[in-house]
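Worth knowing before you read on, the calculation uses all heavy atoms, side chains too, and leaves out hydrogens, waters and symmetry mates.
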Amino acid sequence: MKKIYLDYAATTPADPRVVKAMLPFLAEKFGNTMSLHALGQEAKLALENSRQIIADFINAKPKEIIFTGSATESNNTALKGIAFANKQKGNHIIISSIEHPCIMESAKWLKLQGFEITKLPVDKYGLVNSVDVKKAIKSHTILVSVMHASNEIGTIEPIAEIGKICKDAGVYFHTDASQSFGKIPIDVKKMNIDLLTASSHKIYGPKGAGLLYIGNGVKIEPLLHGGGQENGMRSSTINLASIVGFAKAVEIYKKGFKKENSRLIKLRDKLIKSVLKIKGSHLNGPPLPAGRQAKNRLSNNANFWFEFIEGESLVMQLDLHGIECSTGSACSSVKLEPSYTLLACGLKPQDAHGSLRISLGRQTTEKDINYLLKVLPKIIKQLRLMSPFKNEKK
Amino acid sequence: MKKNNNICGGLYTQKVLETFKNPHNYGKIKNADGVGKVGNIVCGDVMWLYIKVEKNKKGEEIIKDIKFETFGCVAAISTSSTITDLAKGKTISQALKIEKNDVIKKLGGLPFIKYHCSVLAVDALIEAVYDYFLKNKKKISQDLQKKHEKIQKEKEIIEKRYEKWA
């Protein structure tokens, strides 16, 4: 059976050009960037070259970029690092209520350490209101962290507005750009971003590489202490092959992201319009205005909920038909609770259980979407036949 | 797929997936003799079980027909189908002896976090029989009464836990 991968928000396959760029750094140019000999210095050069490419991409200086092992690590470093370095200023941190679990859990842990956490509400489309940010900032606030785009429902947050508010208030602003990096142009200076997280494996780079942009002068503590790599901010032997791959993935994005974005938007809008024709189906996240493109929505994200159906059953039935997608997020697949993102958008728990996230990517074709549109209504019909609620009115 | 049938996709056994793909006995029985409704929609699993009771040649009451309607995950649908297979044609007293482990065994195993689905299936059958007995003013054994009360109590606890969400 042909497999159709529609879970690009979970992870992406490494681009062959990325793999090719990485290979020499595994066995041949295996040096440690901290070594003084030529082999080590060759590695160091490759590392700094990668840093330059990525820094240019978001209008940062190379020394403002540190490489980490994952977006989770970057987000942990941002929250905990800022919290512990700025204790004398205050203990209040503001996040949104739809952040990725690595922000949520870091905030929860910081609360246990005595920090005060405010979770900003979102509207029914998952949007944070920048006015709420302004209202939430107190004299002892040290950090605001709002994601650039939602991993679940694709909502693009007004981070430039929030950045401006934070700058005016003298509070650090961090954004988790794991889902948007590469897909939406980012200028950390213009957008007043102090810290930014991005990940390699979401943009056809390898797993095991993430980055944290830390603006010049930002006071922050490292999570990992040791040999002093990454300007003392992230001790660990450099995972050079993955970082080189990450930089290559960025280079590829630089060239083609505009064209690819408009291709994805076309496919996404066709998908959304067609799925919404299925009875009892609803769109999560920003709406699709008639005749226009969805505003504030990631180019590759579609998220639905279907009446009387449970999401896991839907995902597994699709998988049995060769279509790979997910319920709320890949991380939620082993948890039993409904998605907190959807609950924050005002969905009832029973409705949030019936959600399906379809995320498109480079290999997605119109044929794939057509196949999905052929299979999905049949599966929904079968699952509804089994459901005790099928005769209820919504 | 390797011979090891216990792991498929890291989560479900091959047998669970087969059952999920082609579940038996789903739908509603009109004029059912007993209905068991368990689970909570807020938690994401609701199971309704319908039974039709008849007497066999020996004059014992048997579960002549059984069907389920389930809103839930792969495990919930698979255990629903399995409990109908296990109970169909059995005498009521035999059916009441079905345990969660019988369901799990028939499915070649369940992930630990989905064990509650097998409990749900067994509970639904107990509730369906209880409902049948109650409707027909039959004598309810102490054991069945206890089980029914336990199921109801757990239902209340869960409902209370999710009150803020409902």
Side-chain angles (χ1 to χ4, degrees), chain A residues 1 3 7 280 305-328 330 332-340 342-356 375 378-392 394, chain B residues 8-12 14 16-30 35-50 67-81 84 111-117 120 124 158-159 161-166:
Chain A
M1 181 171 42
K3 290 277 185 187
D7 204 9
W305 69 272
F306 300 97
E307 292 168 16
F308 319 126
I309 290 179
E310 198 273 343
E312 191 204 89
S313 287
L314 188 53
V315 165
M316 293 299 280
Q317 273 291 354
L318 285 166
D319 190 34
L320 292 170
H321 287 81
I323 300 167
E324 295 159 327
C325 42
S326 74
T327 55
S332 64
S333 58
V334 292
K335 290 182 190 157
L336 303 171
E337 284 100 28
S339 144
Y340 57 76
L342 296 178
L343 296 179
C345 295
L347 242 65
K348 286 184 190 153
Q350 56 266 42
D351 299 338
H353 277 298
S355 68
L356 177 72
V375 169
K378 288 184 198 164
I379 291 175
I380 289 173
K381 199 176 164 192
Q382 199 210 342
L383 288 171
R384 279 198 184 139
L385 275 177
M386 279 182 229
S387 173
F389 306 117
K390 56 182 175 282
N391 298 320
E392 278 183 22
K394 279 270 164 185
Chain B
C8 185
L11 190 58
Y12 291 119
Q14 196 63 34
V16 170
L17 290 177
E18 274 164 25
T19 311
F20 169 68
K21 203 174 171 185
N22 297 304
H24 303 157
N25 308 312
Y26 66 83
K28 193 175 187 155
I29 298 180
K30 278 180 191 159
V35 186
K37 294 183 178 185
V38 294
N40 183 309
I41 192 156
V42 179
C43 318
D45 291 312
V46 174
M47 215 179 270
W48 291 2
L49 216 54
Y50 303 85
K67 282 190 176 173
F68 77 86
E69 288 184 311
T70 293
F71 167 95
C73 62
V74 172
I77 288 172
S78 307
T79 55
S80 303
S81 170
T84 63
F112 184 68
I113 56 160
K114 300 285 184 177
Y115 269 29
H116 71 277
C117 293
L120 215 55
I158 287 174
E159 268 163 21
R161 192 187 303 161
Y162 291 107
E163 221 167 24
K164 60 179 168 73
W165 276 355

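- Annotation: K30(B), atom NZ; neighbour count of heavy atoms from other residues, nucleotides and ligands within 6.0 Å does not exceed 12.
- Across all non-hydrogen atoms, the minimal contact from L17(B) to M316(A) is CD2-CE, 3.4 Å.
- Interface residue I309(A): only backbone heavy atoms are found under 4.5 Å from chain B.
- To the nearest 0.5 Å, the span separating NZ on K21(B) from CD on Q382(A) amounts to 10.5 Å.
- The structure places CZ of F20(B) at 5.5 Å from CG of L383(A), a figure rounded to the nearest 0.5 Å.
- To the nearest 0.5 Å, atom CG of residue L385(A) and atom NZ of residue K28(B) are 13.0 Å apart.
- Of the two parts of P111(B), neither the backbone nor the side chain holds a non-hydrogen atom closer than 4.5 Å to a non-hydrogen atom of chain A.
- In terms of heavy-atom proximity, E310(A) sits nearest to C73(B) at OE1-CA, 3.2 Å.
- The two residues S387(A) and F71(B) make their nearest non-hydrogen contact at OG-CB, 4.2 Å.
- Minimum heavy-atom separation, S313(A) to I77(B): OG-CD1, 3.5 Å.
- At a threshold of 4.5 Å between non-hydrogen side-chain atoms, the residues F68(B) and M386(A) count as touching.
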